[in-house]
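Just below is one structure, and these are the notes that go with it.
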Amino acid sequence: MKNQDGSKKVDLCSCSVIHNDIVQKVKESLPNEETMFDLSEFFKVFSDSTRIKILSSLLLSEMCVCDLAAVLNTSQSAISHQLRLLKAFRLVKSRKVGKVVYYSLSDDHVKSIIELGLAHLSENQ
C-alpha cells in the first residue's frame with residue numbers, strides 16, 4: 001500500500017512489548033559513539049554526485065586530474081578540490097610519474113562500496 005503522497009507505507013508494531021534480551025545484545029554490539037560519528041562522516045563523502053563520478057571513473061582506470069576533468073566535463077580546479085576530500089577519507093591514493101599525478105581507488109573496499117551501491121540500486125528495476 002502507499003500513502004497519499006505516493007510513498008510506501010511502513011508497517012508499524014502494534015504492541016508495546018520490549019524484548020530486553022535482544023535490546024541488550026544489540027546495545028552491547030553497537031560500535032561506540034565516536035566510531036558511529038566517523039562512519040556517518042564517511043558516508044557523507046558519498047553524498048556528492050561529482051565525487052561519485054570521480055570514484056566511478058577511478059573504478060575503471062587510474063587517471064590524472066586532466067583526464068578526470070575531461071571525463072566529467074568540469075574544471076581541473078573542481079576535480080582537485082574533490083580529490084583532496086577523497087584523499088582525506090582515504091578513498092583515493094595518488095602516485096607521481098614525472099610531473100603527472102595519477103589517482104586510483106585506495107583499495108578493494110572502495111571498489112566494493114561503489115559496486116554494492118550500484119548493485120543495490122539495480123535490484124528490482
Side-chain angles (χ1 to χ4, degrees):
M1 293 190 97
K2 293 191 176 191
N3 292 319
Q4 289 179 344
D5 66 359
S7 63
K8 289 185 179 180
K9 282 191 174 185
V10 177
D11 292 329
L12 300 176
C13 188
S14 60
C15 65
S16 60
V17 176
I18 295 176
H19 302 90
N20 289 320
D21 54 334
I22 295 172
V23 170
Q24 189 60 35
K25 182 180 176 183
V26 170
K27 279 185 171 184
E28 291 171 359
S29 299
L30 285 174
N32 65 41
E33 284 296 321
E34 183 180 348
T35 301
M36 294 290 247
F37 177 81
D38 290 345
L39 184 60
S40 71
E41 291 298 307
F42 173 77
F43 279 112
K44 284 180 188 177
V45 174
F46 294 92
S47 68
D48 180 89
S49 63
T50 300
R51 290 191 291 266
I52 291 295
K53 289 175 187 176
I54 291 170
L55 292 171
S56 297
S57 298
L58 295 178
L59 181 67
L60 301 170
S61 178
E62 177 181 69
M63 301 175 85
C64 69
V65 172
C66 300
D67 294 338
L68 285 164
V71 168
L72 275 66
N73 198 28
T74 191
S75 70
Q76 291 180 28
S77 174
I79 297 297
S80 293
H81 173 75
Q82 298 299 342
L83 284 169
R84 275 192 293 282
L85 182 62
L86 292 170
K87 255 186 118 167
F89 277 90
R90 298 185 327 243
L91 295 170
V92 300
K93 62 184 178 184
S94 62
R95 71 179 182 89
K96 194 168 185 174
V97 178
K99 294 183 178 184
V100 181
V101 179
Y102 292 97
Y103 291 88
S104 60
L105 299 179
S106 288
D107 56 37
D108 285 338
H109 295 116
V110 181
K111 178 181 176 186
S112 296
I113 292 167
I114 300 296
E115 288 175 340
L116 285 170
L118 291 170
H120 177 73
L121 292 174
S122 68
E123 287 177 0
N124 300 321
Q125 284 191 0

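- Counting non-hydrogen atoms of neighbouring residues, nucleotides and ligands closer than 6.0 angstrom, the CG atom of Asp11 reaches no more than 12 such neighbours.
- Rounded to the nearest 0.5 Å, atoms CG (Asp107) and NZ (Lys93) are 7.5 Å apart.
- Within the structure, side chain to side chain donor-acceptor pair (under 3.5 Å) pairs that include any residue of residues 59-79 comprise Glu62-Arg95 (at least two apart or interchain).
- Residues satisfying the side-chain contact (heavy atoms from CB on, under 4.5 Å) test with Thr50, not counting sequence neighbours, are Asp48, Ile54, Leu72, Gln82.
- Every residue was checked against the salt bridge (charged side-chain N to carboxylate O under 4.0 Å, His left out) condition with Arg84, not counting sequence neighbours, and none meets it.
- Every residue meeting the side-chain contact (heavy atoms from CB on, under 4.5 Å) condition with Val101, not counting sequence neighbours, appears here in chain and number order: Ser94, Lys96, Tyr103.
- Annotation for Leu58 and Met63: closest pair CD2-N, 3.8 Å, computed over non-hydrogen atoms.
- One finds the NE2 atom of His19 at 14.0 Å from the NZ atom of Lys25 (value rounded to the nearest 0.5 Å).
- Hydrophobic clustering of Ile, Leu, Val, Met, Phe, Trp and Tyr side chains at less than 4.5 Å, counting indirect connections, unites Leu91 with Phe43.
- With sequence neighbours excluded, no residue forms a side-chain contact (heavy atoms from CB on, under 4.5 Å) with Leu116.
- Val26 belongs to a hydrophobic cluster whose remaining members, ordered by chain and number, are Ile22, Leu30, Met36; membership requires side-chain heavy atoms of ILVMFWY residues under 4.5 Å apart, directly or through intermediates.
- By the salt bridge (charged side-chain N to carboxylate O under 4.0 Å, His left out) test, Lys44 is found to be paired with Glu41, residues two or more places apart in sequence or in another chain being considered.
- Relative ring orientation between Phe46 and Phe42 is described as perpendicular, the plane-to-plane angle rising above 60° on a 0-90° scale split at 30° and 60°.
- Taking the side-chain contact (heavy atoms from CB on, under 4.5 Å) definition, one finds that Asn32 meets it with Glu34, Thr35, sequence neighbours left out.
- Listed by chain and residue number, nothing satisfies the salt bridge (charged side-chain N to carboxylate O under 4.0 Å, His left out) test with Glu33 (two or more places apart in sequence, or in another chain).
- To the nearest 0.5 Å, the span separating CD on Glu123 from CG on Leu118 amounts to 11.5 Å.
- Under the 4.5 Å side-chain heavy-atom criterion for grouping Ile, Leu, Val, Met, Phe, Trp and Tyr, Val45 is not connected to Phe37 through any hydrophobic cluster.
- Between the CG atom of Leu60 and the CG atom of Leu55 there is a distance of 11.5 Å, given to the nearest 0.5 Å.
- Rounding to the nearest 0.5 angstrom, the gap separating the CG atom in Leu68 from the CD1 atom in Ile79 is 5.5 Å.
- By the salt bridge (charged side-chain N to carboxylate O under 4.0 Å, His left out) test, Glu115 is found to be paired with no residue, residues two or more places apart in sequence or in another chain being considered.
- A 4.5 Å side-chain heavy-atom check between Ile52 and Ser56 finds at least one atom pair inside the cut-off.
- Among pairs with a residue in residues 72-81, none fulfils salt bridge (Lys or Arg N to Asp or Glu O under 4.0 Å), at least two apart in sequence or across chains.
- Counting side-chain heavy-atom gaps under 4.5 Å among Ile, Leu, Val, Met, Phe, Trp and Tyr, the cluster of Val97 also holds Val100, Tyr102.
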